[in-house]
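For reference, the structure is listed below as structure tokens.
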Amino acid sequence: MGTIAWKAPDRLNAASTASRAEATPQTCRRRFSWLQSTLALGLLGSLLMFVAMPPCGLWPLAWIAPLPWLLLVREPVLAGKHPYRSVWVAGFAFWLAAIHWLRLPHPLTNLGWLALAFYLAFYVPTFVWLARVAVHRLGISVVIAAPVVWTGLELTRGHLLSGFTMASLSHTQIHWLAVIQGADVIGDYGISGLIMFAAACITRMMPWRGEKLAIWPILPLVMVLGSAVVYGQWRMSGAMMRPGPTVALIQGSIDAEWKADKDRLDAISREYFQLSVKALKTEPMLDLLVWPETMYRGTIQCFDDDFKPTQRWITSPKEWQKASAQNLIDLQAQFSKALPPHKGVKLPPPLLLGTDAVHFSNEKQDGEHFNSAQFVDRNGIAIARYDKMHPVMFGEYIPLAEYIPFLYKITPLTGGLTSGTKAVFQQLGGVRYAPNICYETVIPHLIRRQVLQLQAQGEEPDVLVNLTNDGWFRGSSELDMHLACGVFRAIEMRKPLVIAANTGFSASIDANGRILQQGARRAADVLIAKVQIDGRHSVYLQYGDWFSGICLFCCVGLVIVGCISARRPKSSAS
């Protein structure tokens, strides 16, 4: 009997062939090609960067988070009609998420949130463009190009438009102390460059767009990262610390508001007084008691010696000044009554109060308003006062409003703050304290300049004190980001930093950047900090941003190359 052969209909054969064709690697790559598009890679990088930072805080992820952006650098040609616009969109999405807390203080700050995110988003496409110029036009390896460009741009971000360094790549590593000790040589921005270098090495090892797996980046990765860790361990083991003062950091939990009535001001005063009494009972032998920014609700009134009031003045300047001074005396008198019996302790400790100050002169009859830190001795006498040198744009002043006063009428601000002109210290019990206020710890070169000013006077501070009111941000990730800035300022200056923060985070940070104590989030707390004074030298204090400055110089060169050789043939990446 013969064998009967069955033949499938042509239409079935055609379907089977089409199915096999769809399953080929080439068609699979086409199907998922959108995952390798400029926008998709940009958004993936933004997502990874966001997750590595607060509030998620998956800090180990920071070492690979820039990888999608670095793949864009390696791309022979960026896909899409407007690829850099797509990269900007990805950057905008990251910054909207990272600084979402800017919308919390007031409905109008939503505009500031959008404007700042809009500006910061340009750093991402600028990074990709400049790194691509180095890689594809100059033949420089991405391993070198990416960290140099990133570091130079972070330096720019720290200076341009008054400076903003929060959510820096380096700040994700505050819990890996060994790797960030190099900040005392190459600064905050240099540590960001180190992390980008590691990410670039990993990226270069990956096979991509026809390039095979590369093994050689393992060697520089191990050498550089290993050197950073070894240096960090060596610096921490060589700490020259000695016992210092005992400082009480008073942290109330009062959300800040633009409008404040008398009942609210009284509630603030009561809470901070009660917390201070608690600190005195816990540790009667305090060397200093610190209140956060603007939490002392009395105003410090100051007048020029030759001040002549106009007829508008109902109360004489002398009476105003006397009342202002008496308030401080009365406060210390109340602390004296609350002081528990203790051998050798008869007076309460000196105070450092965050307060408002007004200085009147013949030229400024309405007064110049300052955000100040006022030292008060044990008897209630006002001694040194520091006036904030770096007011926050749109938070404490509006640009050009001095010439266009109407601008203050359309915002919740009633007037602008005057900038202080110099760093201030106060010596108490043989220890020199240098205060700074709020976001000043966000600006590395500002804190360095203040320490250098005092050093030039022969009065280099032993302890840095930050007074801040983060009650505007409702316990958000802004608290984490602000604290990370303080960690880097302590390492860069090799000085302990104590922070008194309304709603948190108050903290005691040693000269290695180690957070020894930390207040609760959005809760009242009292920290008794046993501060240790450090005697080590800091290269960063002496030479500043020398490393990131070199990187910025290279960025300027890449801008020139990118502008004048846009039409030249591209060379392959190394």
Side-chain angles (χ1 to χ4, degrees), residues 181 183-185 187-188 235 238-247 286-290 300 302 305 349-354 357 359 370-379 381-390 418-438 440-441 443-467 486 488-500 508-513 529-546 549:
Q181 295 304 307
D184 73 344
V185 177
D188 185 338
R235 282 299 267 170
M240 302 167 58
M241 296 186 181
R242 58 183 173 87
T246 301
V247 179
L286 289 173
D287 296 293
L288 183 66
L289 189 148
V290 187
I300 307 299
C302 306
D305 293 337
L351 308 176
L352 178 56
L353 305 175
H359 184 91
F370 298 93
N371 186 348
S372 301
Q374 178 68 64
F375 284 97
V376 181
D377 71 11
R378 295 178 184 272
N379 296 303
I381 305 302
I383 38 182
R385 190 186 88 224
Y386 168 73
D387 298 323
K388 188 177 183 181
M389 299 173 66
H390 193 85
T418 302
S419 300
T421 58
K422 62 180 181 179
V424 170
F425 82 97
Q426 180 62 54
Q427 184 163 320
L428 299 168
V431 176
R432 289 187 290 267
Y433 301 87
N436 52 75
I437 298 175
C438 194
E440 291 187 321
T441 52
I443 311 299
H445 58 271
L446 173 66
I447 301 300
R448 174 177 175 264
R449 186 169 78 239
Q450 291 178 345
V451 174
L452 286 177
Q453 283 181 4
L454 297 174
Q455 187 184 72
Q457 302 171 21
E459 302 291 354
E460 184 173 343
D462 301 305
V463 182
L464 304 178
V465 188
N466 178 252
L467 285 64
F488 275 86
R489 301 300 83 80
I491 296 173
E492 288 166 348
M493 301 297 105
R494 287 299 176 195
K495 300 186 185 303
L497 169 69
V498 293
I499 303 169
S508 174
I509 306 171
D510 72 10
N512 286 326
K530 304 285 186 178
V531 181
Q532 289 188 311
I533 297 173
D534 196 285
R536 285 173 294 174
H537 172 73
S538 165
V539 173
Y540 180 83
L541 176 59
Q542 184 174 359
Y543 297 105
D545 292 306
W546 65 272

Exam field: side chain R242 to backbone G535, donor-acceptor pair closer than 3.5 Å: no
Test item: P245 and Y433 side chains (from C-beta on) under 4.5 Å apart, heavy atoms: yes
From T246 atom OG1 to L286 atom CG, the distance as rounded to the nearest 0.5 Å: 7.0 Å
Under 3.5 Å donor-acceptor, D377 side chain and N379 backbone: yes
V290 and V465: CA distance, side-chain angles, deciding distance, side-chain contact (heavy atoms from CB on, under 4.5 Å) verdict: CA-CA 9 Å; V290 187; V465 188; 4.1 Å; yes
Beyond-backbone contact of N512 with I491, side-chain heavy atoms, under 4.5 angstrom: no
Y386 OH to L352 CG distance, which is reported to the nearest 0.5 Å: 11.5 Å
Min side-chain heavy-atom separation N466-V498 under 4.5 Å: no
Test item: E440 and I443 side chains (from C-beta on) under 4.5 Å apart, heavy atoms: no
Least distance between heavy atoms, W546 atom then V539 atom: NE1-CG1, 4.3 Å
D387 vs S372, side chain to side chain donor-acceptor pair (under 3.5 Å): CA-CA, chis, key distance, verdict: CA-CA 4 Å; D387 298 323; S372 301; 2.6 Å; yes
Heavy-atom closest pair, residues E460 and K495: OE2-NZ, 2.7 Å
Minimum-distance pair of heavy atoms, taken over all atoms of P350 and D287: CD-O, 3.4 Å
Pairwise distance SG(C302) to CZ(R385) - rounded to 0.5 angstrom: 4.0 Å
Spacing of Q374 atom CD and I383 atom CD1 [to the nearest 0.5 Å]: 8.0 Å
Flag, side chain of Q426 to backbone of F375, donor-acceptor distance under 3.5 Å: no
Contact check, side chains of V463 and R432, non-hydrogen atoms, under 4.5 Å: no
Side-chain heavy atoms of D534 within contact of D510, under 4.5 Å: no
Side chain proximity check, F488 to M493, heavy atoms < 4.5 angstrom: no
Steps toward side chain to side chain donor-acceptor pair (under 3.5 Å) verdict (D188, Y540): CA-CA 10 Å; D188 185 338; Y540 180 83; over 6 Å; no
Test log, rule salt bridge (charged side-chain N to carboxylate O under 4.0 Å, His left out), inputs D184 and R494: CA-CA 7 Å; D184 73 344; R494 287 299 176 195; 3.1 Å; yes
Inter-residue atom distance H445.NE2 - Q450.CD, 0.5 Å rounding: 10.5 Å
Taking every non-hydrogen atom, the tightest pair across P349 and R378: CA-NH1, 3.5 Å
Distance (rounded to the nearest 0.5 Å) between L452 CG and Q457 CD: 11.5 Å
Closest approach of L467 to G354 (non-hydrogen atoms, all atoms of both residues): CD2-N, 3.5 Å
Heavy-atom check, side chain of K422 versus side chain of M389, under 4.5 Å: no
Any donor-acceptor pair under 3.5 Å from T441 side chain to G486 backbone: no
Side chain R448, main chain L541, donor-acceptor under 3.5 Å: yes
Heavy-atom closest pair, residues F370 and S419: CE2-O, 3.9 Å
